[in-house]
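For reference, the structure discussed in these notes is given below.
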Amino acid sequence: MLKEILDLPPEDKIFHAVLVFSWTVYLWEAYLSHRQRKIYSSATHVPTELGKIMDAETFEKSRLYQLDKSNFGFWSGLYSETEGTLILLFGGIPFLWKISGSLTGHFGLGPEYEISQSLVFLMLATLFSAIMGLPWSLYSTFVIEEKHGFNQQTLGFFLKDALKKFAVTQCILLPVTSLLLYIIKIGGDYFFIYAWLFTLVVSLVLVTIYADYIAPLFDKFTPLPEGELKTDIESMAKSIDFPLTKIYVVEGSKRSSHSNAYFYGFFKNKRIVLFDTLLEDYSPLNKKNDGESASEPDKNEETGDETKLQPKHKKQGCSNPEVLAVLGHELGHWKLGHTVKHIIISQVNSFLCFFLFAVLIGRQELFMAFGFHDNQPTLIGLLIIFQFIFSPYNELLTFCLTVLSRRFEFQADAFARAMGRSTELCSALIKLNKDNLGFPVADWLFSMWHYSHPPLLERLRAIKDTKKQD
């Protein structure tokens, strides 16, 4: 068998190597998930060390939620891997490219209009992906998330949201792709430098405008009202020279009861965004629980079937001191340069990938391996090289970034502790773990490979250990 494989033409060797590596990664992931599912299945009682931070009811809820998610991940992952393999085996990529050429041909655009054909191909490919992924997304939202009390969407809202996301994605993806392909074609021997600079500019622009112009298309952002919390946040930001300009509350509760907080912006224009589900005093779910009349209009609730704010937990979110501790952690990422380091790593990786793309794009056997014997479209070259040929490198890079992210999380926790917020940060982490039904027991190998954030117990130990300094 080995001799037969070695005697294959180069393009067949590449094709077989891609399939073997893809399934190897899938089997590795399946093995890790199996190890973690054994934890979910066997850990039916609260471990002694968790007794003070988690009650038996919450422990059982989180165990069942994570077990359902893991089982779903197994079947959806198997489907995705099988679908990808069948697409490759039956020539789905060249078939879709031919269909794209036929469609552009109806408008008098021949093969010389490669960019136009590429955009049609990209639109059809993303449409296919969206349609095939829709049943899985529906099941995840309306079965698993609904069962465990997180989903706040109606079917109508979900479908309208999905259509809106697809339309916005196309409005961004198609123009950016067309310009990138044009730059690659006219860039000469150093096109990879111009392509990298273009993607750098695009990424910076998108990061800058996302929260102000794109995110509001899907969620309602309102300024945090004047009060103690806003004053304390501004004071904390000022104490570390964080150039805060605005604080927003995003209406995340219309989609899910999961919570989050983040900051964005460049230079002297930083904004903080808090999910309403993070704030104990602002969460509509808590307002419902506090006995507000269901018939009384809620200023955060859209009309019609847009959302269904039904209480799922007795009390949700963090108190103001705990919110400040969480923000102390987030601002620690900024003060310690983690955000800049991530950007630098990302751009060095992007430059390296474009350089290697420039080296490999002329290799005809790469195109032949995926069914392109007569032509070498630039978009297909990007797809083949970035998605398939770089797969081993991408897996290694992802693991390294996961390890680095965990280290950054410990450092940000230590920063919040140095601000005198260790007690509030510990209680906030426990509350957020409870609100999001995070399971605090993890298989060591699964955790090492997947967890970009350290497990809850590790973070609590590190925060309380005054000797642990980074």
Side-chain angles (χ1 to χ4, degrees), residues 22 25-26 29-30 32-33 36-37 40 61-62 64-88 92-93 96 121-174 206 210-211 214-220 250-260 262 275-277 285 302 304-310 312 383 387 394 398 435-439 450 452:
S22 180
V25 171
Y26 168 76
E29 295 284 356
L32 294 178
S33 297
Q36 184 63 19
R37 275 196 301 277
Y40 296 145
K61 286 181 178 179
S62 64
L64 295 177
Y65 174 54
Q66 298 299 335
L67 182 59
D68 282 349
K69 285 179 62 179
S70 182
N71 288 330
F72 172 79
F74 170 79
W75 291 110
S76 62
L78 178 61
Y79 169 81
S80 178
E81 190 64 29
T82 303
E83 178 189 83
T85 299
L86 292 176
I87 288 174
L88 293 180
I93 298 176
L96 191 61
F121 173 89
L122 193 58
M123 185 168 61
L124 292 177
T126 52
L127 179 62
F128 173 82
S129 178
I131 292 174
M132 299 307 292
L134 183 61
W136 296 98
S137 183
L138 285 168
Y139 186 88
S140 175
T141 302
F142 292 99
V143 177
I144 296 179
E145 297 295 303
E146 181 80 23
K147 174 183 176 182
H148 295 280
F150 289 112
N151 177 46
Q152 302 299 324
Q153 303 176 75
T154 62
L155 180 60
F157 176 83
F158 176 91
L159 294 176
K160 186 175 78 172
D161 204 46
L163 288 173
K164 191 188 298 184
K165 286 179 181 178
F166 182 81
V168 171
T169 299
Q170 300 306 308
C171 289
I172 297 173
L173 182 63
L174 297 182
L206 288 178
Y210 174 78
I214 300 176
L217 296 174
F218 303 95
D219 296 304
K220 182 179 179 181
V250 61
E251 193 181 11
S253 55
K254 72 177 183 180
R255 233 180 225 95
S256 170
S257 56
H258 289 295
S259 52
N260 196 9
Y262 62 91
F275 278 50
D276 58 356
T277 47
L285 304 177
E302 295 187 15
D305 67 343
E306 292 297 295
T307 182
K308 48 173 186 178
L309 294 178
Q310 299 176 358
K312 302 294 184 180
L383 172 67
Q387 181 171 337
N394 290 334
T398 299
D435 287 348
N436 293 286
L437 290 184
F439 195 66
H450 282 294
S452 60

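Qualifying side chain to side chain donor-acceptor pair (under 3.5 Å) partners for Asp219, counting only residues two or more places apart in sequence or in other chains: Arg255. Annotation: salt bridge (Lys or Arg N to Asp or Glu O under 4.0 Å) contacts of Lys165 (sequence neighbours excluded): Asp161. In terms of the side chain to side chain donor-acceptor pair (under 3.5 Å) criterion, Lys164 has no residue partners (sequence neighbours excluded).
If you take OH on Tyr26 and OG1 on Thr85, they are separated by 10.5 Å, rounding to the nearest 0.5 Å. Here NZ of Lys147 is found 12.0 Å from CD of Glu145. Values are rounded to the nearest 0.5 Å. Rounded to the nearest 0.5 angstrom, Leu78 CG and Glu29 CD are separated by 13.5 Å. Residue Ile93 holds its CD1 atom at 5.0 Å from CG of Leu383, rounded to the nearest 0.5 Å.
In this structure, Tyr139 places its OH atom where only 12 or fewer heavy-atom neighbours from other residues, nucleotides or ligands lie under 6.0 Å away. Residue-environment remark: CH2 (Trp75) stays at or below the threshold of 12 foreign heavy atoms within 6.0 Å.
Put simply, the side chain of Thr126 gets close to the backbone of Leu122: a donor and an acceptor are under 3.5 Å apart. Formation of a donor-acceptor pair under 3.5 Å by the Gln153 side chain with backbone atoms of Leu159 is not found in this model. One N or O on the side chain of Ser76 and one on the backbone of Gly73 form a donor-acceptor pair closer than 3.5 Å. Proximity of a side-chain donor or acceptor of Ser129 to a complementary backbone N or O of Ala125 within less than 3.5 Å is not detected. Panel note: side chain Thr141, backbone Ser137; a donor-acceptor pair is recorded below 3.5 Å.
Phe275 and Tyr262 have perpendicular rings, their planes meeting at more than 60° on a 0 to 90° scale where under 30° would count as parallel. A perpendicular orientation is assigned to the rings of Phe142 and Phe158, their planes being inclined by more than 60° (bins at 30° and 60°).
Side-chain contact check for Ser70 versus Gln66: every heavy-atom pair is 4.5 Å or farther apart. Between Phe150 and Ile144 the shortest side-chain heavy-atom distance does not fall below 4.5 Å. The shortest distance between side-chain heavy atoms of Leu138 and Leu155 falls below 4.5 Å. Side-chain contact check for Ile87 versus Phe128: some heavy-atom pair is nearer than 4.5 Å. Looking at heavy atoms from C-beta onward, Lys69 lies out of side-chain contact with Tyr40 at the 4.5 angstrom threshold. Looking at heavy atoms from C-beta onward, Met132 lies in side-chain contact with Tyr79 at the 4.5 angstrom threshold. You'll find the side chain of Tyr65 stays beyond 4.5 Å of the side chain of Phe439, heavy atoms only.
When only modelled atom types and interatomic distance are considered, Glu146 and Asn151 share a side-chain donor-acceptor pair under 3.5 Å.
The shortest heavy-atom contact between Phe218 and Lys254 is O-NZ, 2.8 Å. The shortest non-hydrogen separation linking Ser62 to Gly438 is CB-O, 3.7 Å.
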